[in-house]
Amino acid sequence: MTSVASKRLFQEYKHLTQDPPEGITAGPVTEDDLFVWEALIEGPEGTPFEGGIFPAELKFPKDYPLMPPTMRFTCDIWHPNDDPNHYEHASERWSPIQSVEKILISVMSMLAEPNDESPANVDAARMWRERRPDFERKVKADVRRALGL
Amino acid sequence: MAEQTLNIPQLIAVVLVGFLAIRWFLSPASPNQNASSRNAGRQVNPAHVEQIAQMFPQLDRRAIVWDLLRNGGSLQATTERLLSGRSLDTRQPPTSFQPPIPLSTAPTASTSTTPKPSAAHPDLITRYNLSSKITTPPSTPGASDVTSSSVESKPGWSANRNERAEILKRRREEMVLAARRKMEEKDRKAQSAA
């Protein structure tokens, strides 16, 4: 079982290296453990996250791809759908034909279009809804700080 | 006469009863504590609560105290349960449970949470150790072109695992540096426009 998961993860790693989707870099932290990945996601254009790079950690279960990985941003990200401590990829929508690439792309689009219905960060959600200019200012400040500017 | 005043035995009886009553009301503090600490320390060590709260800042202190109380104040047991991914949610404390949350937590929490985010998440330049690779483009716009074109020739997949790790590392670094360059470029444009 583990070898199935490892093989699959290795294939995905190869694919993501040879043909990386725009704005995404992802791979295992070390090849000694293919079940822990680090991903960098670029903030989508036309959003306050534009220009930002958001690192995240992905942890895969031993029975991947039957079960989805969990993902956690390892940076300060002010977003209605980001729990400051944990972001679980919606497991109810998971199916084994999904992939790391699809997860990361859907996270990217989540950045662009927050899902207001299930806020994980209630404060961020409220700010996003009620004080959009403040929200955008804060996000932009975080983006700059993350780049060391 | 005898019916109006208290005689000596009655007086003694009243004093005795009064004394016992007062003792009854005043004493519960100490014997009761002893009674409730029978399951290995009802007193939760505030230091333990603080320690767990720092490891798992998302947890409610009340829930931590509750969990510690239930496992007899074992810091290790609580930590292990949390680390194994089980939350404390299933053992939600009843609403009636309002422990005296250690006073020390208020000041330490405020001091430890403010610097914490920055300590936990350093900026990407620090994180990937890129300070030496930051080109200083303000005066030399050509410099950034050189770096970006030299990186353009990025190899794809390699059969060698060390090379693969190196490629991935370089791609990550380049992504961060490129984003930074872009942001600086934008700043410069904004400045010159102003």
Do A:I53 and B:M175 make a side-chain contact, defined as non-hydrogen atoms from C-beta onward lying under 4.5 Å apart?
yes

The reported gap from CH2 in B:W157 to CG in A:D19 (rounded to nearest 0.5 angstrom) is 13.0 Å

For the CZ atom of A:F10 and the CZ atom of B:R161, what is their distance to the nearest 0.5 Å?
9.0 Å

Cut-off 4.5 Å, heavy atoms of chain B, and the answer for A:V29 is neither

With the 4.5 Å side-chain cut-off for hydrophobic clustering, are A:L149 and A:W78 part of the same group?
yes

Honestly, the part of A:A26 sitting under 4.5 Å from a heavy atom of chain B is backbone

Other residues, nucleotides, ligands: >12 heavy atoms within 6.0 Å of A:I97 CD1:
no

Heavy-atom distances under 4.5 Å only: say whether A:D142 touches chain B with side chain, backbone, both or neither.
neither

So do A:R144 and B:D187 actually touch side chain to side chain, heavy atoms under 4.5 Å?
yes

The reported gap from CD in A:E31 to CG in B:N162 (rounded to nearest 0.5 angstrom) is 8.5 Å

Is the count of non-hydrogen atoms from other residues, nucleotides or ligands lying under 6.0 Å from B:Q76 atom CD greater than 12?
no

Would a 4.5 Å heavy-atom cut-off, applied to side chains only, mark A:T17 and B:R171 as touching?
yes

Keeping the roles fixed (side chain from B:R172, backbone from A:L40), state whether a donor-acceptor pair exists under 3.5 Å.
no

What heavy-atom pair brings A:G51 and B:A179 nearest, and what distance separates the two atoms?
O-CB, 3.6 Å

If you count every heavy atom of other residues, nucleotides or ligands that lies below 6.0 Å from A:Q18 atom CD, does the total exceed 12?
yes

Please report the shortest heavy-atom distance between A:P55 and B:L124, naming the atom on each side.
CG-CD2, 3.7 Å

When you compare the side chain of A:L147 with that of B:D123, does any pair of heavy atoms fall below 4.5 Å?
no

Check B:R127 with A:E38, please: is the shortest side-chain N to carboxylate O separation under 4.0 Å?
yes

